Amino acid sequence: MRELDMRRQRRDPEAQWTLFAAGVTLASALLLLVVLTRPQPRPPVISDLAPATAEVLVPTPPLVAPPSADAAPPPLGQAPADAPPASQPAPQPAPAPAAGSVAVGAAPILMYHYVRSVDQAADPLGWELSVTPELLEQHVASLAQAGYTGVRMDLLARCMRGEPVCPPRPVALTFDDGYEDAYTAALPVLQRHGFTATFYIVSDFIGQPGYMSWEQLAALRDAGMEIGAHSVSHPDLTTLDAAELARQVGEVKAVLEARLGVRVTSFCYPAGRYAPHVVEAARAAGYESATTTRWDNDYGDLLALPRRRVAGGTTAEDLGWIVAN
């Protein structure tokens, strides 16, 4: 039957032209329908981020030797001029203390870097400095189940000065350097469990590949997270002359405050390196707390606080021991 139809069409040019015109008309109508009904793109928002229990492709920044006890990331150049508009929100007042709030003399401070998946065999250093999003989820869930509440370093500093503003079992989660996965992977986990945390930012790294943009930092701010300072370019502060030390400690604070409209009171010494004159520079710049990479229980100086490093592969059970010791 089909062969008969084809023979008929070959004998009838007018029929062929009619079919061709009908096809063109149908194709044009379909194209117009697609254009009119196509959804318009919109920028991503926090609610668009998939939960950690789903399969998530986490951006993996290039390994640049992030802070450790003996290594620091190299400077990556000047931050791009992609700051938020000049009109900035006013700094948000600190929340009123909840019923049952207390003052504390000490509390565990945890140190994280990357939140991503890394092949341990291919990149042992990167693996050591990373926890997967799934592990971070387990960490925060286990802390919540044990009765801990995540607090920001600015609030913890007030508690340690004697103000009764902390929950009974505070724990401070800190994330160094400002990697992009702090926004894509860490923030959703913290929000799911009602935890706040502190993110220490290197101002020259903002907007560089693998690091958060100003817009992402603003999203952290708006989610109730603390933006802390981690120097301008992540040098060993103990090796600098007085003028450069003051610039590294003071300029980062001024830039973050001006562009994000927040008060920056928390500092983190790059690679944990500090000395008495570095502590005094942080004090002169107006910081109320500063963290190191020491692992001990000496909380006597708010500008030289110890922290517990959370290494790659740390299980929830391991974390319980870390917090308790």
Side-chain angles (χ1 to χ4, degrees), residues 66-69 72-73 104 106-116 128-131 133 135-136 139-140 143-144 148-160 166-167 169-183 185-187 189-191 193-203 205 211-212 216-217 220-221 223-231 234 249 252-253 256 262-274 282 287-299 301-312 314 319 322-323:
S68 64
V104 298
I109 305 171
L110 303 178
M111 174 174 49
Y112 291 89
H113 287 90
Y114 292 103
V115 183
R116 60 175 185 173
E128 183 71 16
L129 291 165
S130 307
V131 298
L135 268 181
L136 181 63
H139 292 177
V140 179
L143 290 170
Y148 286 97
T149 301
V151 299
R152 298 161 33 142
M153 284 301 304
D154 55 356
L155 182 64
L156 183 58
R158 292 175 58 195
C159 297
M160 295 175 68
C166 271
R169 300 193 77 183
V171 60
L173 277 65
T174 64
F175 296 82
D176 288 8
D177 305 328
Y179 298 116
E180 189 174 20
D181 54 37
Y183 170 80
L187 177 59
V189 172
L190 295 168
Q191 289 182 308
H193 297 277
F195 271 45
T196 55
T198 297
F199 295 83
Y200 292 120
I201 306 302
V202 181
S203 55
F205 293 178
Y211 293 89
M212 284 186 283
Q216 290 169 331
L217 289 173
L220 289 181
R221 173 202 66 197
M225 306 298 159
E226 180 185 13
I227 305 300
H230 199 28
S231 80
H234 206 287
V249 173
V252 59
K253 185 178 192 295
L256 291 172
V262 296
R263 184 167 175 255
V264 176
T265 62
S266 303
F267 188 74
C268 174
Y269 300 111
R273 297 183 184 276
Y274 72 104
Y287 295 105
E288 297 174 4
S289 75
T291 52
T292 70
T293 56
R294 279 191 355 259
W295 185 321
D296 58 37
N297 291 299
D298 181 2
Y299 294 84
D301 188 349
L302 289 180
L303 289 173
L305 293 171
R307 284 192 297 171
R308 280 109 170 91
R309 181 186 297 276
V310 182
T314 299
L319 190 73
I322 290 172
V323 168

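For this chain, numbers begin at 1 and follow the sequence in order. Please read these numbers as outputs of a predicted model, since none were measured by experiment.
The two residues L256 and G228 come nearest to each other via the heavy atoms CD1-O, 3.6 Å. Nearest heavy-atom pair, S231 versus V252, reported as atom, atom and distance to 0.1 Å: O-CG2, 3.3 Å. When all heavy atoms of P108 and V323 are compared, the closest pair comes out as CG-CG1, 3.7 Å. Among all heavy-atom pairs drawn from A282 and V249, the shortest one is CA-CG1, 3.8 Å. The nearest pair of heavy atoms linking A197 to L173 is CB-O, 3.2 Å. Shown here for A229 and Y200, the closest heavy-atom pair between the two residues is O-CD2, 3.6 Å.
Legend: residues meeting side-chain hydrogen bond (donor to acceptor under 3.5 Å, both in side chains) with R294, ordered by chain and number and at least two apart, are Y274, D296. The side chain to side chain contact (heavy atoms under 4.5 Å, CB included) test applied to A290 returns F267, Y269, L303, not counting sequence neighbours. By the side chain to side chain contact (heavy atoms under 4.5 Å, CB included) test, A311 is found to be paired with E128, T314, residues two or more places apart in sequence or in another chain being considered.
Counting only distance, with no hydrogens or angles, the side chain of T292 and the backbone of L305 share a donor-acceptor pair below 3.5 Å. Although no hydrogens or angles enter the test, the distance criterion places a donor-acceptor pair under 3.5 Å between the side chain of T174 and the main chain of L110. Listed for the H234 side chain is no donor-acceptor partner under 3.5 Å among the backbone atoms of P270.
Between F195 and the choices V171, V151, V189, T149, the side chain to side chain contact (heavy atoms under 4.5 Å, CB included) rule is met once, by V171. Screening Y183, F199, Y114 for a ring pair (Phe, Tyr, Trp, His ring centres under 6.0 Å) with F175, the sole residue that qualifies is F199.
Atoms CG and OG, from L302 and S266 in turn, are 10.0 Å apart once rounded to the nearest 0.5 Å. The SG atom of C166 sits 4.5 Å away from the CG atom of L155 when rounded to the nearest 0.5 Å. One distance of note links CG of D154 with SG of C159; it measures 10.0 Å at 0.5 Å rounding. Once rounded to the nearest 0.5 Å, the distance linking CG of D176 with NE2 of H230 reads 4.5 Å. Rounded to the nearest 0.5 angstrom, L187 CG and M212 CE are separated by 9.0 Å. Annotation: the span from H139 atom NE2 to L143 atom CG amounts to 8.5 Å, rounded to 0.5 Å.
At a cut-off of 3.5 Å, with distance as the only test, no side-chain donor of R152 or T196 sits close to an acceptor on the other residue. For the residue pair D181 and Y179, no side-chain donor N or O sits within less than 3.5 Å of a side-chain acceptor on the partner.
Taking the side chain as every heavy atom from C-beta outward, C268 and R307 approach each other to under 4.5 Å. Taking the side chain as every heavy atom from C-beta outward, E288 and M153 never approach each other to under 4.5 Å. Between L135 and V310 there is no side-chain heavy-atom pair separated by less than 4.5 Å. In this structure the side chain of P170 reaches within 4.5 angstrom of the side chain of V104, judged on heavy atoms. The shortest distance between side-chain heavy atoms of V202 and Y211 does not fall below 4.5 Å. By the 4.5 Å heavy-atom criterion applied to side chains, E226 and T265 are counted as neighbours. Annotation: side chain of V264 is in contact with side chain of Y287 (closest heavy-atom distance under 4.5 Å). Side chains of P306 and W295 form no contact here, defined as non-hydrogen atoms less than 4.5 Å apart.
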